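Count residues from 1 along the sequence. Keep in mind it's a predicted model, so treat the numbers as computed, not measured.
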Amino acid sequence: MRRCMQKQLLELAASVWNGIKYTGSKGYEEEIGALLQECYSGINTISRMLRDGLSRVRAAEYVELLDYVKELLELLNEKVMEGSDDSGSTGITEIMDALNENMSVLCRELKHEPEVKIEIVFMPYKASMWDCFDSIWKAASNDCRCSVTVIPIPYYDKNPSGDLCNYYYEGDRLPEYVKSIPYQEYSIQLHRPDIVYIHNPYDGYNYVTSISPEYYSSELRKFKMV
């Protein structure tokens, strides 16, 4: 699971819990049933995202918890719609307490989910400069919390007027132990990596060479994770 998905899940869980708290504090109102249905749909969305983002075993642990939350929501809906007070073993107060406990467990588990990975991208342009990345790349590649991708990017000479000329691509000149993918096969906009390592911090202000402008830091920053 990516950190961006973890963030989305935590935000969605918080929204669902706010909706639940609102319904639990009200008597019967016409919109309460619709709001509870939205909360129920939110739990289904969380469950689907977890199945997509986690291993089957880990996702199953969450789904079991979420299935119980849905049962509680169905019971809460019944109690609210019939105008029940909080007396009895299955009164509104007891249901809300159970929902609070289980939603707290969900958020706590999500915050500390061990399968969350940081996506790190290395973007070398000159193969001769790979040694600047090598030790960082090795450390990240050996860290189970990281998903690492190397994407060699093209660069150009500049003529005296500052225009780009003479295209170069040195992806095939990196050390043999470094696995990389062609830049055409990786979309920064789609992946939105958490960390990007670059060689050239000067963007278009280098008078001799320039990486492809689509990889200037000003462009990469548009897709940063927040």
Side-chain angles (χ1 to χ4, degrees), residues 1-12 45 48-59 110 113-226:
M1 178 195 292
R2 289 284 312 285
R3 282 203 307 179
C4 57
M5 180 181 287
Q6 179 191 39
K7 182 174 182 291
Q8 291 171 350
L9 285 165
L10 286 167
E11 291 174 349
L12 180 54
T45 299
R48 183 177 65 254
M49 291 175 67
L50 288 167
R51 285 194 296 267
D52 291 341
L54 297 175
S55 65
R56 184 175 61 180
V57 172
R58 185 61 176 145
L110 284 173
E113 175 51 53
E115 292 189 10
V116 171
K117 290 185 179 291
I118 300 172
E119 183 162 346
I120 302 176
V121 170
F122 290 83
M123 289 188 165
Y125 73 107
K126 286 191 175 182
S128 62
M129 296 169 60
W130 174 256
D131 59 341
C132 300
F133 284 162
D134 197 63
S135 61
I136 305 171
W137 171 79
K138 287 177 179 175
S141 298
N142 291 326
D143 191 329
C144 63
R145 299 169 298 176
C146 300
S147 175
V148 179
T149 307
V150 177
I151 306 168
I153 57 176
Y155 69 98
Y156 302 83
D157 290 330
K158 281 188 171 181
N159 62 27
S161 63
D163 297 324
L164 302 182
C165 60
N166 300 328
Y167 166 95
Y168 301 98
Y169 176 74
E170 300 186 1
D172 57 347
R173 296 173 58 184
L174 293 175
E176 291 184 0
Y177 59 82
V178 178
K179 294 183 179 180
S180 65
I181 64 173
Y183 65 92
Q184 301 95 330
E185 297 179 8
Y186 186 93
S187 169
I188 290 288
Q189 183 175 3
L190 177 63
H191 286 266
R192 293 178 176 265
D194 301 290
I195 300 172
V196 178
Y197 285 97
I198 60 175
H199 269 148
N200 183 357
Y202 303 111
D203 294 339
Y205 300 102
N206 187 321
Y207 294 112
V208 179
T209 61
S210 172
I211 59 174
S212 184
E214 65 193 277
Y215 298 111
Y216 287 170
S217 57
S218 59
E219 294 299 311
L220 299 178
R221 193 176 293 114
K222 294 177 181 178
F223 309 114
K224 68 179 181 179
M225 295 306 308
V226 295

Contact check, side chains of L164 and K158, non-hydrogen atoms, under 4.5 Å = yes

inquiry  = When you measure from the side chain of N142 to the backbone of K138, do you find a donor-acceptor pair of N or O atoms at a distance under 3.5 Å?
reply    = yes

query = Any donor-acceptor pair under 3.5 Å linking the side chain of E170 with the backbone of A127?
reply = yes

remark   = Rounded to the nearest 0.5 Å, the OH atom of Y156 sits from the CD1 atom of I211 at a distance of 10.5 Å

task = Could you tell me which residues satisfy side chain to side chain contact (heavy atoms under 4.5 Å, CB included) with R48, sequence neighbours excluded, listed by chain and number?
result = T45, R51, D52

request  = Decide salt bridge (Lys or Arg N to Asp or Glu O under 4.0 Å) for D194 and K117; before the verdict, give the C-alpha distance in whole Å, the side-chain angles of both, and the deciding distance to 0.1 Å.
outcome  = CA-CA 9 Å; D194 301 290; K117 290 185 179 291; over 6 Å; no

R192 side chain to C4 backbone, donor-acceptor under 3.5 Å = no

remark   = The reported gap from CZ in F223 to CD1 in I188 (rounded to nearest 0.5 angstrom) is 8.0 Å

task = Quick one: pull up CG in L174 and NZ in K126 and give me the separation to the nearest 0.5 Å.
result = 14.0 Å

inquiry  = For Y169 versus P182, what's the shortest heavy-atom pair and its separation?
reply    = OH-CA, 4.0 Å

task = State the OH-CG distance between Y177 and D134, to the nearest 0.5 angstrom.
result = 3.5 Å

remark   = Closest non-hydrogen atoms of P175 and W130, given as atom of the first, atom of the second and distance, are CG-CD1, 3.7 Å

inquiry  = Looking only at side-chain N and O atoms, does Q189 offer a donor or acceptor that is under 3.5 Å from a partner on S187?
reply    = no

Aromatic ring pairing Y168/Y155, orientation class (parallel under 30°, perpendicular over 60°, tilted between) = parallel

task = Work out which heavy atom in V196 is nearest to a heavy atom in M123; give both atom names and the distance.
result = CG1-SD, 4.1 Å

Kindly list each side-chain donor-acceptor pair under 3.5 angstrom involving residues 145-152, sequence neighbours excluded, with atom names and distances?
unit_1: R145; atom_1: NE; unit_2: D143; atom_2: OD1; d: 3.0
unit_1: R145; atom_1: NE; unit_2: D143; atom_2: OD2; d: 3.4
unit_1: R145; atom_1: NH2; unit_2: D143; atom_2: OD2; d: 2.8

note = The complete set of side chain to side chain donor-acceptor pair (under 3.5 Å) pairs with one or both residues in residues 197-207, sequence neighbours excluded, reads D203-S217

request  = Just do the side chain to side chain contact (heavy atoms under 4.5 Å, CB included) check on V121 and H191 with the steps written out, would you?
outcome  = CA-CA 10 Å; V121 170; H191 286 266; over 6 Å; no

key: S210 and Y216 side chains, donor-acceptor separation under 3.5 Å   = yes

ask   = In Å and rounded to the nearest 0.5 Å, what is the CE to CZ distance from M1 to R58?
value = 9.0 Å

query = Centroid-to-centroid, Y125 to Y215, below 6.0 Å?
reply = no

note = Closest heavy-atom pair, Q8 versus M49, reported as atoms and distance to 0.1 Å, is OE1-CE, 3.6 Å

